[in-house]
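In what follows, chains carry the letters A, B, and so on, assigned in the order in which the sequence lines appear, proteins first and then strands, with residues in each chain numbered from 1.
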There are 2 protein chains.
Amino acid sequence: MTDTGQNPITDQVYKARQFCEDKGARFTLLREKVYALLLEQQGAVGAYELLDTLKLTESNAKPATVYRTLDFLLEFGLIHKIESTNAFVACHHFDCNHPVQFLICDTCGDVKEIQSVGLKDTLDKQAQSVGFRVVNQTIEAHGTCAACQ
Amino acid sequence: MTDTGQNPITDQVYKARQFCEDKGARFTLLREKVYALLLEQQGAVGAYELLDTLKLTESNAKPATVYRTLDFLLEFGLIHKIESTNAFVACHHFDCNHPVQFLICDTCGDVKEIQSVGLKDTLDKQAQSVGFRVVNQTIEAHGTCAACQ
DNA sequence: AAAATTAGTGTTATTATATAACGGTTTGTT
DNA sequence: AACAAACCGTTATATAATAACACTAATTTT
């Protein structure tokens, strides 16, 4: 499989495989399928909704199947978890190392990922000023996207 | 019951009752008890942990009892939900109208609430720049508090 | 190449979190 | 007193996530 520029999802999956293998991690068929399913979604998806979709081709899939796979994808930054909705969303630029924040449209369900270093730094500084050392951040905004206004 | 300055929790409960009644909402005994229980905790508490505690005095309490009460308290801003841990924490200054962010210590479990207008505005602006209108924000930092370092 | 080790998956069961629905009771209003 | 609305008790169920164990595939060591 090569990056042909023909199919965005295929290309993204290819990039993900390269990324994993470069790190000595195995991008198995199951992991590829789950990642591809998430890429196909326009918004974030719950684990059980994802399971239902996965079952169409992997009839023996179970909750643990999905959660284990999601754990792997999360660990390598290929996907993100939206904490406020318990849903998962594919990440398209796992190779750059930017902080991440989400804009979640409550009307159409679309999730836009933004990468604001300024936002991250502001929170880090606020924390630092009270002696708190930040390890990771959850920043999610709910509202209405441009298209839905 | 008056604000005597003797017991911080009693005083806070008193303030909460005033606040609710000013808004025409009923601060029932159940709501008072749940709010008081949350005030007694040092960190955030899960709904079922709260239920167990509540059962000590309200032996007939059920999940719905707790969730309904939490919903009321959330609606009036007397408590907050920590999305990244599915836990609830009492708010001490529901009367001021500041935005809210949380610093969650993963070592001792303590939750510190901060109110940074700058942080809120930064996120609002970032969103605005891509045409997104923010209705509410979830900002939570995990890490290590000053005491635990 | 065989053995040993590690990583990944299948499967069953269980735990944790949250809501729906309905009936009865209390509170506030007319 | 009658009525309506809000609140609470209760049962059932939906949704989200993990534990534990056996088996298989891949990788490393010998």
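- Look at CZ on A:Phe27: it is 16 Å from P on D:dA26, rounded to the nearest Å.
- We find that CZ of B:Phe72 is positioned 11 Å from C1' of D:dA6, with the value rounded to whole Å.
- When the P atom of C:dT11 is taken as reference, atom CG of A:Leu54 falls 13 Å away, rounded to whole Å.
- A straight line from NZ of B:Lys33 to C1' of D:dC7 spans 16 Å, rounded to a whole angstrom.
- For the residue pair B:Asp106/B:His142, the side-chain donor-acceptor check at 3.5 Å is satisfied.
- Looking at A:Thr144 and A:Gln149, their side chains never bring a donor and an acceptor atom within 3.5 Å of each other.
- Donor-acceptor pairing under 3.5 Å is lacking for the side chains of A:Glu83 and B:Asn86.
- In summary, the side chains of B:Glu113 and B:Gln115 do present a donor paired with an acceptor at a separation below 3.5 Å, with no hydrogens or angles considered.
- Straight-line distance from the CD atom of B:Glu83 to the P atom of D:dA17: 12 Å, rounded to whole Å.
- The NZ-P distance, from A:Lys55 to C:dT11, rounds to 12 Å in whole Å.
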Under 4.0 Å protein heavy-atom contact, by nucleotide of nucleotides 15-27 of chain C - B base, S sugar-phosphate only = --BBBBB-----S
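- Between B:Phe94 and B:Phe19, the ring center distance clears the sub-6.0 Å criterion.
- Between A:Lys62 and C:dT11 there is a side-chain N or O to OP1 or OP2 distance below 4.0 Å.
- Taking a 6.0 Å sphere around CG of A:Asn60, one finds it holds more than 12 heavy atoms contributed by other residues, nucleotides or ligands.
- B:Glu58 has its CD atom 11 Å from the C1' atom of D:dC8, to the nearest Å.
- By the side chain to side chain donor-acceptor pair (under 3.5 Å) test, A:Glu49 pairs with no residue at all, sequence neighbours left out.
- For the pair B:Thr65 and D:dT10, the criterion of a side-chain N or O lying under 4.0 Å from OP1 or OP2 is not met.
- When the nearest nucleotides of DNA chain C are assigned to A:Ala25 and A:Asn60 by heavy-atom distance, the more 5′-ward of the two goes with A:Ala25.
- Closest approach of B:Ala44 and B:Ile82 over heavy atoms only: CB-CG1, 4.0 Å.
- Side-chain rings of B:His80 and B:Phe88 stay apart, their centers remaining 6.0 Å or farther from each other.
- Bending across the helix from C:dA1-D:dT30 to C:dT30-D:dA1, expressed as the angle between its end axes from five pairs apiece, amounts to 30° (10° rounding).
- A:Leu29 places its CG atom 10 Å from the P atom of C:dG10, with the value rounded to the nearest Å.
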